[in-house]
Amino acid sequence: MSVQQTLVLIKPDGIAKSLTGNILTELSDTGLILVGAKIVQVTRELAEEHYQHLSEEKFFDELIRYIMGEFHVKRVLALIYHGENAIAKVRDVVGATNPEQAHPSTIRGKFGRITTKGVFENVVHASESEKEAEREIKLWFRPGELIQTIYPVESRQVAKTEIFWKQEKK
Ligand code: ADP
C-alpha cells in the first residue's frame, strides 16, 4: 500500500442527471482527502489527449463527443483525491467500465447506462494506475490549483496578461 493520488471526473451525464452530490458522498466515504476540484469545459484537444490510449477504438469519436458534453451539458467536475491506496479505493466505489457489468452497489452500477448507439455513459472517470494518474492530473490541473504539492514543481518566468474582476469606479 502506498500514498497515491487519483483523478476523478464527474462526466457530463453525471452532471446533467444531478448526481454530483451522490457521487461526492460515495467518494467521501472512502476517507480519502480532496486536494483539488474545478468545473471544466472540455475542449476537443483536452478530450483527445485524455483518451489518447483509445484513439484506435471504433467508439473513440463518440467517446470524445460524450466527454465534451455534446449529449448532455458542456462541463465536467474534475477532482483529485489523495491518500493510502487512493486508486484502488476510488475504482472500487466507481465500478466496472461497462455499466451493465458494474456491481449495483457501485456508482456506475447504480447510475450508468449504455445508449442505443453503444456509448458507455458510465457517469465517472477514475485513473487506473499511478502512471496514468500522474499523466492525467498534470493534464487537467496546474500545480497552484492543488492545496498540496503532490509532484515536483519548478518556477518559470513568463510574461502574460491576466484577467481580474473589473473594479467599480467610485
Ligand atoms: P475506464 O474509464 O474504466 O478506465 P477505459 O479507459 O477502458 O475504462 O475507457 C475509457 C472510457 O471509454 C470508458 O469509461 C467508457 O466511457 C468508454 N468505453 C470503454 N470501452 C467502451 C466500449 N467497449 N464501448 C463504448 N465505450 C467504451
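When a ligand or atom number is given, it counts from 1 through the structure's own listing order.
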**OP:** Using non-hydrogen atoms of the residue, decide whether His50 is closer than 4.0 angstrom to ligand 1.
**Re:** no
**OP:** Check if Lys11 has a non-hydrogen atom at a distance under 4.0 Å from any atom of ligand 1.
**Re:** yes
Original post:
Hey, which of Glu132, Glu136, Gln5 is the one that makes side chain to side chain donor-acceptor pair (under 3.5 Å) with Ser127?
Top reply: Glu136
Subject >> Closest approach of any protein heavy atom to atom 1 (P) of ligand 1, naming residue and atom >> reply: Thr97 OG1, 3.6 Å
Original post:
Under 30°, 30 to 60°, or over 60°: which ring-plane class applies to Phe120 and Phe59, parallel, tilted or perpendicular?
Top reply: parallel
Subject >> Contact atoms of ligand 1, heavy-atom distance to His53 under 4.0 Å >> reply: 6 (O)
Original post:
On the ring face of Phe111, is Lys17 found with NZ or CZ under 6.0 Å from the centre and within 45° of the axis?
Top reply: no
**OP:** Can you pull out the closest protein heavy atom to atom 9 (O) of ligand 1? Residue, atom name and distance to 0.1 Å, please.
**Re:** Leu54 CD1, 3.4 Å
Original post:
Between the candidates Tyr66, Phe120, Phe60, which shows the shortest non-hydrogen contact distance to atom 24 (N) of ligand 1?
Top reply: Phe120
Original post:
What residue pairs, at least two apart or across chains, pass side-chain hydrogen bond (donor to acceptor under 3.5 Å, both in side chains) with a residue in residues 27-42?
Top reply: Lys38-Glu145
**OP:** Looking only at protein heavy atoms, identify the closest one to atom 2 (O) of ligand 1 and say how far it is in Å.
**Re:** Arg108 NH2, 3.1 Å
Original post:
Against heavy atoms of Arg91, which atoms of ligand 1 measure under 4.0 Å?
Top reply: 3 (O), 4 (O)
**OP:** Nearest heavy atom to atom 17 (C) of ligand 1 wins, so pick from Asn98, Val94, Ile64, Leu63.
**Re:** Leu63
Original post:
Any nitrogen or oxygen of Tyr51, main chain or side chain, under 3.5 Å from a nitrogen or oxygen of ligand 1?
Top reply: no
**OP:** Could you check atom 20 (N) of ligand 1 against the protein and tell me its nearest heavy-atom contact, residue, atom and distance included?
**Re:** Phe59 CZ, 3.3 Å
Subject >> Glu57 heavy atom under 4.0 Å from ligand 1 >> reply: no
Original post:
Is any side-chain heavy atom of His50 closer than 4.5 Å to a side-chain heavy atom of Leu7?
Top reply: yes
**OP:** Taking the side chain as every heavy atom from C-beta outward, state whether Gln101 and Arg108 have any pair of such atoms under 4.5 Å apart.
**Re:** no
**OP:** Fit a plane to each ring of Tyr51 and His125, take the angle between them on a 0 to 90° scale, and name the class: parallel (under 30°), tilted (30 to 60°) or perpendicular (over 60°).
**Re:** perpendicular
Side-chain atoms of residues 158-165: list all donor-acceptor pairs with protein atoms under 3.5 Å, sequence neighbours left out, distances to 0.1 Å.
none

Subject >> Closest protein heavy atom (residue, atom, distance) for atom 13 (C) of ligand 1 >> reply: Asn122 ND2, 3.5 Å
**OP:** Would you mind listing which atoms of ligand 1 come within a distance below 4.0 Å of any non-hydrogen atom of Gly118?
**Re:** 24 (N), 25 (C)
**OP:** Would you mind telling me which of Val35, Leu32, Ile87 makes a side-chain contact (heavy atoms from CB on, under 4.5 Å) with Tyr81?
**Re:** Leu32
